[in-house]
Novice: 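Dumping the structure here so I can ask a few things about it.
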Amino acid sequence: MSDYIALASALAYFPSPTLTSLFDMSSNSPIRPANRRPTAIAANLAHTIVRSVLRSGPKQFTLNILKALCVVIIALNLKSFPFIFHLRLSRPVLRCTLRDWFHALRVKLSRRDVGRHLEDRWLDTVPLVGTSPFEYRDTFRTRATLDECDYNIHLSNSSYAKVLDIARFESVVRLFPLLFRSGAGMALGASHFHFIKEIPALQEFEIRTSIGSWDHKWLYMVSKFVSRPPRSNRPDSSTLSLPSPPLTSASSRSLSPASSASSSPSFFYESDGSLVYTVVVAQVCFKANRITIPPSVVLASNGFCSPPDSIAGAGSRSKPSSPELPPHWPKVKTIASPAHGGSLKHLYEFYRGGWRSMPVDERWWENALGGYVEIHRATASLELARLREGLESARSL
């Protein structure tokens, strides 16, 4: 990255004739065609600087240095410029809005039967239909730039929440496309940060987001700040202790301390050897106007369900209508799909309280999230409830 900064400095510092010679493809150029890379250009900048000073004089040299410093400062602090955060935060929302707008325009310009078919296909392909909530993983990649670091030259505590907001937006627009398209929304209730190890400046890292559990009101989202060390530094898989069930499954990547004597017990690794810096648990709730929507309703209506074998083992009376679609999906279509007598307006009314009027034995969302998913949810919810209760008890301290 320093090579690119040096190259940006050159663009601001040197006059156009100097830059022309620097990038000249002729045989008289000080840099040969084989070495026209950022590293080669940075290595030859010293020679060009000396030659420029001899030609321009001290005053012009000082002005050129100030120009170069301004370019470097702008490059290093680009993320902190006004409205840059808002642009990064709104990018997933804008992307999904444009996708839905073009889809609606296509439906409107099509024949009635074709439009209904397009809406039906959108419901089958855009939501994560048939996915278990605990199998979902989303990865957001970024870098700890200097403007997000503190005087200790590592990612500032306040920057974790800033970057996590962007990663969480990326996740929720993929998780709940029907919720947002209907006009309902989501609100953040609380966040708990567990800092394990600092993230050095300029370090690339990932934010891996998954669904931890839910209850009648709150959905718990777990996000981990991790980075993959070089292959030579990755811990041996045999030294990683396995988590205790049932909070994890065979497909989940759990947080587990390294048990080798050479590793510090305060360091944690995931099953793929990635080093975990921070774990965040966020409580979110869903709203239609001011009405709270149960997370189970939102999850099932956006295609999430228990694995078919698990549902059958739990005594479900329905069978999948196709190998790809879960048994409850036709009932969602009767609410949201125009081809089955539904609409997005009907879905919003269902979110706004229509689910309450359904008889207990016809609540398809409870059957959809039964079996293994319900066992996993109940056990994880007990663990995460302790965190919530502890934070709520702190109000009286």
Side-chain angles (χ1 to χ4, degrees), residues 85-108 115 118-131 133 136-140 164-189 191 207 209-212 214 217-223 282-305 326 328-329 331-340 342-355 364-365 368-369:
F85 170 75
H86 300 85
L87 290 175
R88 297 176 66 199
L89 187 66
S90 60
R91 182 176 58 185
V93 179
L94 179 61
R95 183 173 63 245
C96 293
T97 301
L98 290 176
R99 178 199 64 195
D100 296 341
W101 185 84
F102 280 113
H103 168 73
L105 180 63
R106 186 182 178 188
V107 170
K108 189 174 182 179
L118 292 174
E119 285 282 6
D120 209 46
R121 190 173 65 178
W122 189 97
L123 288 172
D124 292 340
T125 57
V126 174
L128 302 176
V129 181
T131 305
Y136 173 81
R137 296 290 185 276
D138 186 63
T139 301
F140 177 81
L164 183 59
D165 276 345
I166 301 172
R168 189 185 296 117
F169 261 75
E170 291 277 1
S171 296
V172 297
V173 295
R174 294 190 184 100
L175 284 167
F176 313 116
L178 268 175
L179 175 81
F180 296 111
R181 194 179 173 204
S182 69
M186 187 192 76
L188 178 65
S191 294
I207 302 178
T209 301
S210 59
I211 296 175
W214 63 89
K217 179 179 180 180
W218 299 106
L219 177 78
Y220 299 92
M221 300 186 70
V222 180
S223 299
Q283 290 178 225
V284 299
C285 63
F286 305 99
K287 296 285 186 178
N289 200 352
R290 299 184 64 86
I291 305 298
T292 299
I293 314 169
S296 58
V297 173
V298 176
L299 287 168
S301 64
N302 282 268
F304 291 97
C305 65
H328 75 284
W329 199 239
K331 298 181 180 179
V332 177
K333 288 186 175 182
T334 60
I335 302 174
S337 175
H340 297 78
S343 65
L344 292 176
K345 183 178 180 181
H346 292 163
L347 180 61
Y348 180 79
E349 292 300 324
F350 177 76
Y351 283 148
R352 200 168 179 266
W355 57 271
W364 43 265
W365 56 91
L369 299 172

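As a basis for the values below, the full set of heavy atoms in this structure was taken, side chains included, without hydrogen atoms, waters or symmetry mates.
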Novice: So, taking the atom named OG in S223 and the one named CG in L164, what distance separates them when rounded to the nearest 0.5 Å?
Specialist: 4.5 Å
Novice: Using every non-hydrogen atom in the two residues, find where F304 and H328 come nearest and quote the distance to one decimal.
Specialist: O-CE1, 3.7 Å
Novice: The criterion is side-chain contact (heavy atoms from CB on, under 4.5 Å); which residues satisfy it with S301, sequence neighbours excluded?
Specialist: Y351, W364
Novice: In Å and rounded to the nearest 0.5 Å, what is the CZ to SG distance from R181 to C96?
Specialist: 11.5 Å
Novice: Output all residues satisfying salt bridge (charged side-chain N to carboxylate O under 4.0 Å, His left out) with D120, sequence neighbours left out; order by chain, then residue number.
Specialist: K333
Novice: Rounded at 0.5 Å granularity, tell me how far CG in L87 sits from CG in L94.
Specialist: 9.5 Å
Novice: Less than 4.5 Å apart, side chain to side chain, heavy atoms only: is that true for L344 and L178?
Specialist: yes
Novice: When rounded to the nearest 0.5 angstrom, what is the spacing between CH2 in W329 and OG1 in T334?
Specialist: 11.0 Å
Novice: Stepwise, does the salt bridge (Lys or Arg N to Asp or Glu O under 4.0 Å) test hold for K345 with E349?
Specialist: CA-CA 6 Å; K345 183 178 180 181; E349 292 300 324; over 6 Å; no
Novice: What residue pairs, at least two apart or across chains, pass side-chain hydrogen bond (donor to acceptor under 3.5 Å, both in side chains) with a residue in residues 284-300?
Specialist: K287-T292
Novice: Rounded to the nearest 0.5 Å, what separation is found between the CZ atom of R137 and the CD1 atom of I211?
Specialist: 9.0 Å
Novice: Evaluate the criterion salt bridge (Lys or Arg N to Asp or Glu O under 4.0 Å) for residue pair R88 and E170; output intermediate values, then yes/no.
Specialist: CA-CA 10 Å; R88 297 176 66 199; E170 291 277 1; over 6 Å; no
Novice: Answer yes or no: is there a side-chain heavy-atom contact under 4.5 Å between S171 and Y136?
Specialist: yes
Novice: Distance check, rounded to the nearest 0.5 Å: M186 atom CE versus F180 atom CZ?
Specialist: 5.5 Å
Novice: Quick one: does M221's side chain get under 4.5 Å of V172's, heavy atoms only?
Specialist: yes
Novice: What residues form a side-chain contact (heavy atoms from CB on, under 4.5 Å) with T97, not counting sequence neighbours?
Specialist: V93
Novice: Taking all non-hydrogen atoms of both residues into account, name the closest pair between A282 and L188 and its distance.
Specialist: CB-CD1, 3.9 Å
Novice: Please identify each residue that fulfils side-chain contact (heavy atoms from CB on, under 4.5 Å) with L89, with sequence neighbours left out.
Specialist: F85, D165, I166, F169
Novice: Quick check: closest heavy atoms across H346 and I335, and the distance to 0.1 Å?
Specialist: CB-O, 3.4 Å
Novice: Restricting to non-hydrogen atoms, name the atom on L219 and the atom on W214 that form the minimum distance, rounded to 0.1 Å.
Specialist: CD1-CB, 3.8 Å
Novice: Locate the shortest heavy-atom distance separating C305 from L369; write the atom from each residue and the value.
Specialist: CA-CD2, 3.9 Å
Novice: Is there a side-chain contact between L175 and D138, using heavy atoms and a 4.5 Å cut-off?
Specialist: no
Novice: Applying side-chain contact (heavy atoms from CB on, under 4.5 Å), can you list everything that pairs with V107, at least two apart in sequence or on another chain?
Specialist: H103, L118, E119
Novice: Does the ring of W122 carry R106 above it, NZ/CZ under 6.0 angstrom from centre and within 45° of its axis?
Specialist: no
Novice: Could you check whether any side-chain heavy atom of V332 comes within less than 4.5 Å of a side-chain heavy atom of V129, counting everything from C-beta outward?
Specialist: no
Novice: Looking only at heavy atoms, which two atoms of A300 and W365 are closest? And how far apart?
Specialist: CB-CB, 3.5 Å
